[in-house]
Amino acid sequence: MTTTRTGRRPGPDLDTVAAALGQLRLAAPEGVAEAVLRTLGLADGYDRLPTSIGDVFVAWNGRGISFIDRAPTETAFEAEARAVLGRPLAPAPLPPALRRRLERRLAGDRRAAVPVDLRGRTPFERAVLTKALEIPPGEVRPYGWIAAEIGRPTAVRAVGSALARNPIPLVIPCHRVVRSDGVLGAYSMGGPATKRRLLAAEGADPDRLEALARAGIRFLGSRTTGVFCLPSCRNARRICAAPPGPPSLGRGGPGRRPPPLPGLSARGDRPDRSTL
Amino acid sequence: MDHLDAANASARRTPGKAAPVDGLARALARDLDTAFERLVRSEADRCFSIARRLLGDPRDAEEVTQDAFLRAYRALASYEPARIEGLALRPWLAAIVVNLARNRRRRARTTADGRATARTDRHHHDTLLGDSMADPVDVDPAGSPEAALLRREAAVTWAALLTELPTRYRLPLVLRYVGDLSTSEVAAALGRPEGTVRAQLHRGLQQLRAAYLATDQDAAAERPIDEETR
């Protein structure tokens with residue numbers, strides 16, 4: 001070493017050594033801050049996901065899926081998602097495990113648990129959306145069913161507007177909630193046509209459901225068991241599929257009535273002739 | 001947590017250095033979710049730099065950095081506002097990073113058998129030299145490429161020397177000069193008396209210089225390290 005700055009011995013002086021250590025200061029790798037904020041749910045990432053109705057954008061964070069929408073461009077989606085979520089948002093691939101579960105869930109596998117982040121929703125909205133999660137693929141329920149199930153039987157309109165503001169369509173299947181008269185009704189992500197396509201893709205028969213609704217038929221029942229179900233209920237579909245006799249479609253002839261909680265098969269429930 | 005409380009007490013006495021996070025503790029106390037982003041953005045580089053010098057692998061350092069912030073958030077979420085407001089954030093965070101890095105090294109050591117340890121060490125040595133080439137920040141991007149190359153080489157050398165130092169010297173040196181904490185903040189973060197830290201910093205720099213001179217003689221090639229790093 002040639003430098004003898006201190007004069008005592010050759011080599012760098014201690015200040016120089018300290019300054020050399022200062023050169024070891026680094027910038028954190030790209031995305032570290034974002035990853036932390038996402039994990040905590042203080043920011044969201046978003047990714048593109050192919051579905052039966054085309055590509056959608058999916059926003060997510062460490063707490064779950066936070067927002068899903070179809071949008072023409074990334075920019076349009078970002079603007080919408082930011083307005084709804086009120087948090088920083090940046091493109092980030094869905095974690096592979098979450099993506100796999102999401103794909104399985106959207107393919108109809110109800111065992112695939114997809115966490116959802118419903119912060120920012122009112123308790124009522126959360127109750128509505130959580131209840132809607134229970135509706136199986138290919139089946140529909142009226143708005144009134146959700147209202148009754150969450151213990152607010154008169155809040156049918158409020159259920160409708162909570163579903164209209166569903167931030168996580170497809171995962172929370174608001175497309176499986178229809179008007180009480182059986183008409184499919186509105187759909188926030190792409191209108192009634194999309195709702196119809198989604199239901200058809202899940203194995204429901206939207207044309208038949210609407211035909212029944214037009215004919216004023218609310219429930220299907222079995223002559224043998226006296227059990228009545230909503231037309232889309234898997235049990236009702238079994239009734240209709242039974243080959244021997246024609247299914248008892250009707251406005252409610254003698255000996256038939258809807259189950260107390262529409263959509264649930266009212267096993268063991270005796271027909272009540274007096275109401276009909 | 002004792003030394004963290006000590007950290008709070010002593011760091012409050014030295015307000016001079018704490019410029020970037022001033023007022024942040026109060027903001028965190030008022031609205032954790034909104035202010036936490038500022039904490040992450042202002043402290044990520046420091047935390048990563050410290051972790052990087054305590055761990056061989058840059059990915060380990062990245063994970064420790066992330067983990068430190070997650071733990072910090074959970075801790076803050078459980079604290080009363082008054083306690084958050086009294087926190088000296090920089091030494092508090094640094095202490096979390098140091099603890100996590102220590103745990104990780106310990107775990108790596110206990111899970112590996114003898115042969116695996118040897119391999120890990122060599123791997124660490126390789127990545128240290130390999131990655132350090134790339135990762136020091138170029139402080140003078142406008143300078144000549146030759147000067148930048150020399151700076152990088154110097155950084156690799158110093159980083160390697162630092163890893164050879166005993167932990168009791170390495171920790172304070174890393175926090176003080178790589179992490180840019182004040183001496184009292186280092187003392188607070190490590191839970192050591194300030195006088196002890198001062199002495200350890202001095203001894204550490206001396207040992208580092210001695211090690212540097214030793215390698216310098218080995219290499220027989222002279223590097224104008226003074227001129228480059230000043």
Side-chain angles (χ1 to χ4, degrees), chain A residues 1-45 59-64 66 81-82 84-90 92-93 95 115 117-121, chain B residues 32-34 36-37 40-41 43-49 52-53 58-59 61-62 65-70 73-74 132 135-137 139 151-152 154-155 157-159 161-162 173-174 176-180 201-202 204-206 208-210 212-213 216-217 222-230:
Chain A
M1 200 39 149
T2 52
T3 317
T4 52
R5 196 181 298 280
T6 60
R8 286 195 299 274
R9 55 185 287 194
D13 61 31
L14 296 187
D15 285 349
T16 308
V17 177
L21 291 182
Q23 298 282 313
L24 297 176
R25 221 163 287 152
L26 307 170
E30 190 92 14
V32 164
E34 281 68 25
V36 167
L37 296 170
R38 266 202 309 271
T39 305
L40 292 170
L42 302 179
D44 298 85
W60 62 275
N61 63 54
R63 298 174 193 235
S66 52
R82 280 203 190 94
V84 170
L85 300 172
R87 295 189 291 261
L89 178 82
D117 176 15
L118 292 174
R119 284 174 300 159
R121 302 283 132 184
Chain B
L32 176 60
D33 281 3
T34 308
F36 195 75
E37 183 185 356
V40 176
R41 297 208 185 277
E43 294 301 303
D45 291 353
R46 184 194 322 282
C47 288
F48 177 74
S49 301
R52 181 67 184 85
R53 287 305 141 221
R59 269 167 315 182
E62 186 174 341
T65 305
Q66 293 191 11
D67 202 12
F69 281 113
L70 299 182
Y73 178 86
R74 285 182 203 123
S132 300
D135 61 19
V137 179
V139 286
R151 265 201 305 277
R152 277 171 177 223
T157 306
W158 288 107
L161 294 175
L162 196 54
L173 283 181
V174 166
R176 174 71 186 88
Y177 299 111
V178 182
D180 199 27
L201 286 171
H202 190 74
L205 288 175
Q206 283 180 326
L208 210 51
R209 177 173 62 182
Y212 176 80
L213 291 173
D216 203 46
Q217 278 164 7
E222 290 188 350
R223 289 178 190 160
I225 193 72
D226 293 45
E227 314 310 327
E228 282 309 319
T229 53
R230 288 226 123 192

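Proteins come first, then strands; the chains are lettered A, B, ... in the order of their sequence lines, and each starts at number 1.
Residue B:Asp180 comes nearest to B:Arg46 through the heavy atom pair O-NH1, 3.8 Å, listed as atom of the first residue, atom of the second, then distance. Between A:Ala28 and B:Asp45, the closest heavy-atom pair is N-OD1, 2.9 Å.
Residue contact with chain A, scored on non-hydrogen atoms closer than 4.5 Å, involves the side chain of B:Leu162 exclusively.
Annotation: side-chain hydrogen bond (donor to acceptor under 3.5 Å, both in side chains) contacts of B:Glu37 (sequence neighbours excluded): B:Arg41.
Between B:Trp158 and B:Tyr212, the two ring planes are parallel [angle under 30°; tilted spans 30° to 60°].
Your options are B:Arg74, B:His202, B:Gln66, and the one with the most heavy-atom pairs under 4.5 Å with chain A is B:Gln66. Taking B:Leu70, B:Val40, B:Val178 one by one and counting their heavy-atom pairs under 4.5 Å with chain A, the maximum is reached by B:Val178.
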